[in-house]
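Here the structure comes first, spelled out in structure tokens, and everything after it is commentary.
Just so you know, these numbers use all the heavy atoms, side chains as well, and skip hydrogens, waters and symmetry mates. Throughout, a chain's letter reflects where its sequence line sits, starting with A, and its residues are numbered from 1.
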Protein chains: 2
Amino acid sequence: MAAGRDKSKMYASDGRPRELKVDLVAVVAAVTDNDPRALTISQGSALPAGPFEMGHRSLQAGLRDWVEQQTGQALGYIEQLYTFADRDRIPEEQARRAISISYLGLTRDEWSEGGPPRDWQSWYDYFPWEDHRAGAPSIIADAILPPLRAWTEQQGGKAREERRQRIAIGFGIDGRPWNEELVLQRYELLYEAALVEEALRDGGGARAPHIPGRPMIADHRRILATGIARLRTKIKYRPVVFELMPPVFTLLQLQRAVEALAGRLVHKQNFRRLIEQQELVEETGETMSETGGRPAKLFRFRPAVLMERSAAGTKLSVSRS
Amino acid sequence: MAAGRDKSKMYASDGRPRELKVDLVAVVAAVTDNDPRALTISQGSALPAGPFEMGHRSLQAGLRDWVEQQTGQALGYIEQLYTFADRDRIPEEQARRAISISYLGLTRDEWSEGGPPRDWQSWYDYFPWEDHRAGAPSIIADAILPPLRAWTEQQGGKAREERRQRIAIGFGIDGRPWNEELVLQRYELLYEAALVEEALRDGGGARAPHIPGRPMIADHRRILATGIARLRTKIKYRPVVFELMPPVFTLLQLQRAVEALAGRLVHKQNFRRLIEQQELVEETGETMSETGGRPAKLFRFRPAVLMERSAAGTKLSVSRS
DNA sequence: ACGGCTTATACTCATTCGAAGCATAAGGAG
DNA sequence: CTCCTTATGCTTCGAATGAGTATAAGCCGT
């Protein structure tokens, strides 16, 4: 009910009205050396971001401005992710309230010509539990599940059962399959259980020891998780990987990029079948023999399909090996 | 580049800094009498909406407050839709800039007890071209495609081809199938072609005659289109229809609700198989014989699946008849 | 030159899933 | 008691999916 709002919070202790600030935050992704990366600032502790200002022509334009200004990286494809408000726990003295409108951008990790080098950081430095390309990381069983289970025990009855269920689904235990798309759910779980630094920072009260994984300022790690989740979902039904690829590539390189993003391996033969039957690529005629085996044909993306089939998909069929 | 921003726009002509306003806008959906409806205010000319204020505990909480205050309707399930900024064409004198954070809410169309009656309006009053349950509406061929084609002709070369393609995909012509999810793309097309009232209002300059379909204030009709599109997509992979159903229902009622939302018919037998094999419902033991044929079994939703399979889906398999 | 290693690419097979249609059951109306 | 209507059960067919086997084409060291 409207009665729930508390007018007193609209003013800071000095009597000035609190500001409502709108920030634009970018998750910019690229793949280099088979590692998915995010563009960061401040030595990897924050995502490119800045306030939305009156002069910006649009949200997207404002975002592009900030990213380019802070990192020198021009953006191609971008899409909106989510709009976050501050978490509940704002210190009383803090006389402003921030809204973060987040975007996902895809780009190639090109060299900056002049200007400072760009600060690309591997996703998995922030989310070491998300890379399952070499099987489930040991830190899940060693460092994550034990404290999560302890957290479960703090509750009784239905609430406990619900936590168990969320953990089982999120981390793929009790015979459930690992679902690489649940990046955000996993992070939120760890946040709620106060296993990530951000939770202690926000919530106060020392708690369980942290688990591995680099924190970020404010809720930037949460936003990054949202971006990764979105990309992992989208890659399955839209040919967005190509935004991250060089103009010419082999099918194995393409597959490695998809695997890097998804954090899991795909069945090679089926992957190729899918790509080719959807006519997403065409041969350049050239081949490449860098990897020691039979030379691979080089391909390029067929931009025609972008228009042709607005519903094309680069699905990945997961395998074990 | 940052240089693109124009600081002069940050101040109105009277020298005061322009305000940045954040609005919460709700698309609240229900199904009554086999018609999908949206909750509106002002005789159907606007969606429930209000500013996000400091006192709101969260975006969601603020939205619930406004909807309940303006319509008396309490909300259950809600999810964020999209965040819009004003369209480019703001009159120079207008000393504020608005951001709209939109949400989709699902509810049953229950009777308001006390308080004013709620203002539910059929989706298809706003988007008459979206209801294909009785085949493609004639207004598409009669009132929409001719001016759209004329609009196409205004351009030459590649741009013209691109418009053609967008129209073909959006409206399912040239042998393409109708895709009910492209609600927003269709509306944007009509907006760009200045065939909806909102475009004239925003853009100035009288143009082609309007096509049928009620307008709304600001960009509320665009937001409604976004909500419909989201719901039509989501219904296929998540059991969200049940939020819109009474506690007990027959399978045909369920099917009719899905059809109302999707704006197209589904294959009855396959629909039932899908619902039952996914164990989304259970029999109540009762039957209902209101429709003149064999009495139908009554079912209720099994909330257990919400937890069990976080990836369950109520897919709809489309048919022609 | 040749066997062995590596990667690329072609084909096969089984299972599931999706779309569509046929058949039967069980009420009410005339 | 027959016809109409709706409910519900079952088959069929083909496409898509997941997984495995087989073959090709380079390089490398001996």
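Here C/dC11 presents its P atom at 11 Å from CD of A/E276, a figure rounded to the nearest Å. Summarising the geometry, the separation between CD on B/Q277 and C1' on C/dG18 is reported as 10 Å, rounded to the nearest angstrom. To the nearest angstrom, P of D/dT8 lies 12 Å from CG of B/L254. As rounded to whole Å, 12 Å separates atom C1' of D/dA7 from atom CD of B/E283. One atom, CD1 of A/I275, and another, P of D/dA16, lie 15 Å apart when rounded to the nearest Å. Spacing between atom CZ of A/R256 and atom C1' of C/dA8 amounts to 12 Å, rounded to whole angstrom units. Atom CZ in B/F271 sits roughly 13 Å away from atom P in C/dA19 (whole-Å rounding). In this structure, the CD atom of A/E286 is 17 Å from the C1' atom of D/dG26, given to the nearest Å.
If you check every strand for non-hydrogen atoms under 4.0 Å, A/L251 touches nothing.
A salt bridge links A/E259 to A/R256: one of the charged nitrogens lies within less than 4.0 Å of a carboxylate oxygen. For the pair B/R133 and B/D131, the salt-bridge criterion is met [side-chain N within less than 4.0 Å of a carboxylate O]. The existence of a salt bridge linking B/E180 and B/R232 is excluded, since no basic side-chain nitrogen approaches an acidic carboxylate oxygen closer than 4.0 Å.
If you check D/dA25, C/dA10, D/dA7 against the side chain of A/K297, the one that comes closest is C/dA10. Closest to the B/N270 side chain, of the nucleotides C/dC13, C/dA19, D/dA25, is C/dA19. For B/Q269, whose side chain is taken as the heavy atoms from C-beta onward, the closest listed nucleotide among D/dT8, D/dG20, D/dT17 is D/dT8. Relative to the side chain of B/P295, the nucleotides C/dG27, D/dT17, D/dA24 differ in distance, and C/dG27 lies closest. Nearest to the side chain of B/R273, among D/dT17, C/dG21, D/dT11, sits D/dT11.
Proximity of B/K268 to the phosphate of D/dT8: no side-chain N or O atom is located under 4.0 Å from OP1 or OP2. The phosphate of D/dT8 has OP1 or OP2 within less than 4.0 Å of a side-chain N or O from B/R272.
At least one donor-acceptor pair under 3.5 Å links the side chain of A/N179 to the backbone N or O of A/E181.
Considering only heavy atoms from C-beta on, B/Q73 comes within 4.5 Å of B/T107 through its side chain.
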